[in-house]
Amino acid sequence: MGFPPVRTRTAVSALASMVVAGLVAAAGPATAAVAPATAAATTGTAATAPVASTEVAHARSAQTTAETSADTSRGTPVDLGALFVGAHPDDEAGALSTFGQWGEDNDVRTGVITVTRGEGGGNAVGPEEGPALGLIREAEERRAVGKAGIADVFNLDKVDFFYTVSAPLTERLWDQQDALAKVVRIVRQTRPEILVTMDPAPSPGNHGNHQEAARLAIAAYYAAADPKMFPDQITKEKLQPFAPAKVLLSRARGTGPTGPSCVNSFTPVDPSQDIYGVFSGNVSREQGRTWAAIERDAQREYASQGWAGFPDAPSDPAQLGCDRFTQVASRVPYPKVGTEPAAEPDAILDGALTRPDGTVPLGTQLRVDSDFDVRPGKPTTVQVHVTAPRGADLGRSSVTLHAPDGWRVEGDGALGRVRPGGTATATFTVTPPATQPEGDPVSERSRIEAFLTTGAGTGYSATRVQLTPDVATQQQLLPQVSSFEAWARQVGVPQLRGFVVPVLTIPSGGERAIDYTVTNNSDTARSGTVRLNLPDGFAADSAEKPFTGLAAGATAKVTFTVRNTDVSLPTSNAGGTKGAAPGDYAYTVTTRTDDGATSVSSPALELVPATTVEPAAAAPTVDGKVSDGEYPGEALDISRLWEGSPCDSAADCSGTAHVTRAGDTIYVAVEVRDDTAGTPLATSDCKRHWRTDSVEIALDPRGPSENTASTFKLGVLPFTAEGPACALRDADNHQGPIAQTAPGVRFASTVSSPYTGYTVEAAIPLAELPASVDPDKLGLNILVYDSDTQDKTGQTRIGWSTWGGVQGDPYRWGLARLTGYQPPADRPTADPVVPDTALRSVESPQTVEQSVRVNVPLSGGTAAPLGDSGWLVGARWSRGVLTADLDSAGAGEAHVFVVDDKGTAGSAVVSVDGAGRTAVKVPLDRALAGHTRVLAGWEATSGAGTLASRIPLRK
């Protein structure tokens, strides 16, 4: 997981020297020097295009003048079988058991795209942050995935900013089109048949970076195959469209057991989903241990994230579970879930990389197309497309279509003879029953299955459909949910919609106007009513409201004012109705048309705590103490758990907060009971406050923001290694040390002796907030991070308004009404300051060496043309000086590294004005060890691309 850096780019020479022993992968086999190549074609195939003769001549001329020919990143790219796409180092860690099994048992080469290097995360092993931390985390990832046999990690150099649950914010900061182009380029270069990624939905607490990484992977599944997408990659870079066979999520919604039976015993939330399990208790033949144990060893490599202390994996197979994967789309036949072939560890590979006995040849494409939304009693067209591999004749073929019980199927499945490279299509008409669905939309989903029979074998595929009522009503969506639903429609994966329950918050004892969108899916105008069936403790301005004359295909909004009538109802994750998610007060919305059609939807309301901030008779003294009369009004209970391990007792972790106002300043006092002090951090390390004991005060000046970039978040560490408290801002409108980001803030703390807890007190001028405060809508949350260890990791998080991931969800913060407050009329709104510094691949010797080994350009970017390239041609050691010789055909910047078996021994950066040879003297930080080589990452001044090169040291 990633959290934000707050710094400018550190000089690469300093960064490179921080790479410790073992960070740089061993050099791979030599590749053709300076010779460009292209990848090609369709699913599971590749071809190499000829190199232009002038470029070959230029390359040979350059090599002739070189003292020693270097390996470069030009050449035929590595051919992958599978590719995981994640946001940060460690995102792949939960699937390494499966990837390891595929590699060992099926010889599948898996690669990993990591969009960022996690520069914004915490650091439990040192003071590094920003790009320096990125080097460490990249090295951790390479060591971790290496334990599962993975050697290829592709970084996109996107910034890892602060923790957020917002995909829209991530999309803007990553430049979505540029990021997608990079993923597509890598897919077209490396040709993976299987894509695996994360959860793209804004599920509660799901990291926004994870959501966006998944959306990039799913979009790339379609875009990489489409010659109209990023056409310059085809016309200028000479790549070819490539269609991965399948794309899956490395997660599943539903329930299932642990133990070996987990592979075929899973109950999905969506009955139409194809979900596969791979048992982590299978034993590696080569290592003689369970893959769960191997995966756990890999996870421990992420020491900077506090994972080094993870306990051993259980030795009892009954306690080990399955990695689960949800198939999003497939172009090839696959095993039907619930059958024996689907329970095999390589089931996901079947049809793409493996061929079970009796099935159609590899390379056969089988696709079932239909509309996702189907209407009761209305016929829909379903087409089954079959394409034979170029080298295989499927012979006479036919397809049988199966629909759910009660659905009518009409059509002839005869395909005739399907010759090599040929395509045949069978068209069916499928009609569902006329009964209107009344359940949750996800529960109304079904598979329409195609069973293929050919002279060369059989195959299976399916499409998913949702029975949609004539008229339906939806509670208004949160902005991030609305954005996701629109994305799913645009990309063409409507089957991913609907998993996030529509929720809205209401302050305890408060009210809000809620829009309900009525959609007429039928062919005629409709009128009717919308009725709210609210849970106990809630009421609306009307139980039922009408809609009239709603045209076919049109939508209308019906607005209710909903209020909380029972202030005794528990708020936050302590509340909710039976059977719903913690904190969700589920209810139903019933739509009934005048002709009797009825549909029901099931949204939820969430209660957030509310308080009235009374003005103080006199401004409190900021001394880390709560004196009598300083804080009028109610005390806030901040002892509720929102993440981590439960408190053992009130003495272990609990707290009370007090809030008041004096003039234009908010005062907050937080009294925390704690029986064990966490790591005292140095004052200079006052960042990433969740690593030890700390308090976070979060303020949203205008009310529910979509993300925290428009909020103010103050973190206070009650003690440091030097003694006094320190404070910072994190994951908000302007992050960094408090003296730089909000100099008007005052804070103090007192720590009990002997240690039983602490008190933090802060004065926050409202002028320091990023916008003028709305006194009736101020968002407030007070959170406590509790650590009982000395390894810079936290174990428990408690607070006032509590849900998982709540620190990034302003809409779930509590409400604070400021009695008698009027903000100044001219207070400006501050634009957010968001970290934008990421480690670049040319600055990472690990990445440079991999680029040479696998012939894939750095950072998902383009290869620099020969006329804009520079590469190593020699390296020598003389009289205690290491000199690297660099030939260049154009202007650029070279990042040169000396590496050996212990890591990076020295580095230098040199700018080159044009063609010629440059002698680069590289200062060394230590004596050299074995297997010494010199690396160079070249970046063309013109912006035309990069080149990586490597050469052995000649002594």
Side-chain angles (χ1 to χ4, degrees), residues 36-49 77 79-80 82-87 111 113 115 154-158 167-168 170-198 200 211-249 328-332 352 365 367 369 372 385 387 423 483-496 856-863 943-945:
T38 59
T42 57
T43 306
T45 65
T48 301
D79 193 334
L80 298 176
L83 180 65
F84 177 87
V85 182
I113 288 179
V115 180
F154 305 95
N155 295 102
L156 302 190
D157 295 2
K158 294 300 181 181
T170 305
E171 177 183 324
R172 293 197 299 273
L173 295 178
W174 281 0
D175 185 350
Q176 184 192 47
Q177 278 302 99
D178 178 70
L180 179 58
K182 289 185 171 186
V183 177
V184 168
R185 181 179 288 111
I186 292 173
V187 169
R188 287 172 173 171
Q189 289 165 336
T190 63
R191 306 169 298 284
E193 282 77 11
I194 307 292
L195 293 182
V196 182
T197 190
M198 310 185 78
Q211 297 173 45
E212 184 61 18
R215 297 181 198 184
L216 291 171
I218 294 167
Y221 170 82
Y222 296 100
D226 185 351
K228 296 179 182 178
M229 292 295 293
F230 309 108
D232 283 356
Q233 294 182 8
I234 298 167
T235 59
K236 295 181 179 180
E237 300 175 39
K238 307 306 179 186
L239 299 177
Q240 294 295 322
F242 180 81
K246 304 179 183 183
V247 59
L248 304 99
L249 311 182
V328 177
S330 177
R331 295 182 168 100
V332 299
Q365 296 186 36
R367 195 178 75 248
D369 289 341
F372 177 69
H385 308 280
T387 301
T423 297
S483 172
F484 170 71
E485 299 272 317
W487 170 85
R489 289 186 178 90
Q490 177 186 359
V491 173
V493 285
Q495 67 271 27
L496 294 179
V856 175
L858 300 169
S859 182
T862 58

Euclidean distance, Arg489 CZ relative to Leu496 CG, rounded to 0.5 Å = 12.0 Å

With the side chain counted from C-beta on, respond yes when His385 and Thr387 share a heavy-atom pair under 4.5 Å apart, and no when they do not.
-> no

Only one of Val332, Val187, Ile194 clears side-chain contact (heavy atoms from CB on, under 4.5 Å) with Pro244; which?
-> Val187

Scanning both residues in full, the closest heavy-atom pair of Val184 with Gln233 reads CG1-OE1, 3.6 Å

Give the intermediate values and the outcome of side chain to side chain contact (heavy atoms under 4.5 Å, CB included) for residues Val85 and Ile218.
-> CA-CA 9 Å; Val85 182; Ile218 294 167; over 6 Å; no

Please name the pair of heavy atoms, one in Arg191 and one in Pro77, separated by the smallest distance, quoted to 0.1 Å.
-> NH2-O, 3.3 Å

Within a strict 4.5 Å, meaning less than it, do heavy atoms of the Trp487 and Arg215 side chains meet?
-> yes

Would you mind reporting whether Leu173 and Lys158 have side-chain heavy atoms less than 4.5 Å apart?
-> no

Over all atoms of both residues, closest heavy-atom pair of Gly86 and Met198 = CA-SD, 4.0 Å

Nearest heavy-atom pair of Arg188 and Phe230: which atoms, and what distance?
-> NH1-O, 3.4 Å

Side-chain heavy-atom pair Thr197, Tyr221 within 4.5 angstrom cut-off = no

What distance separates Glu193 CD from Phe242 CZ, expressed to the nearest 0.5 Å?
-> 4.5 Å

Minimum heavy-atom distance Arg331-Ala225, with the two atoms named = NH2-CB, 3.7 Å

Give the minimum heavy-atom separation between Ala87 and Ala213, together with the two atoms involved.
-> N-CB, 3.8 Å

Output yes when Arg185 and Glu237 qualify as a salt bridge under the 4.0 Å nitrogen-oxygen rule, no when they do not.
-> yes

Note, Trp174 side chain near Leu156 side chain (heavy atom, < 4.5 Å) | no

Heavy-atom check, side chain of Gln211 versus side chain of Thr170, under 4.5 Å | no

Would a 4.5 Å heavy-atom cut-off, applied to side chains only, mark Val247 and Tyr222 as touching?
-> no

Side-chain donor or acceptor of Gln495 paired with backbone N/O of Phe372 under 3.5 Å = no

Minimum side-chain heavy-atom gap Lys182-Phe154 below 4.5 Å | no

Determine, stepwise, if the pair Gln176 / Leu216 fulfils side chain to side chain contact (heavy atoms under 4.5 Å, CB included).
-> CA-CA 8 Å; Gln176 184 192 47; Leu216 291 171; 4.3 Å; yes

Could you grab the distance from atom OG1 of Thr190 to atom CG of Leu83, nearest 0.5 Å is fine?
-> 5.5 Å

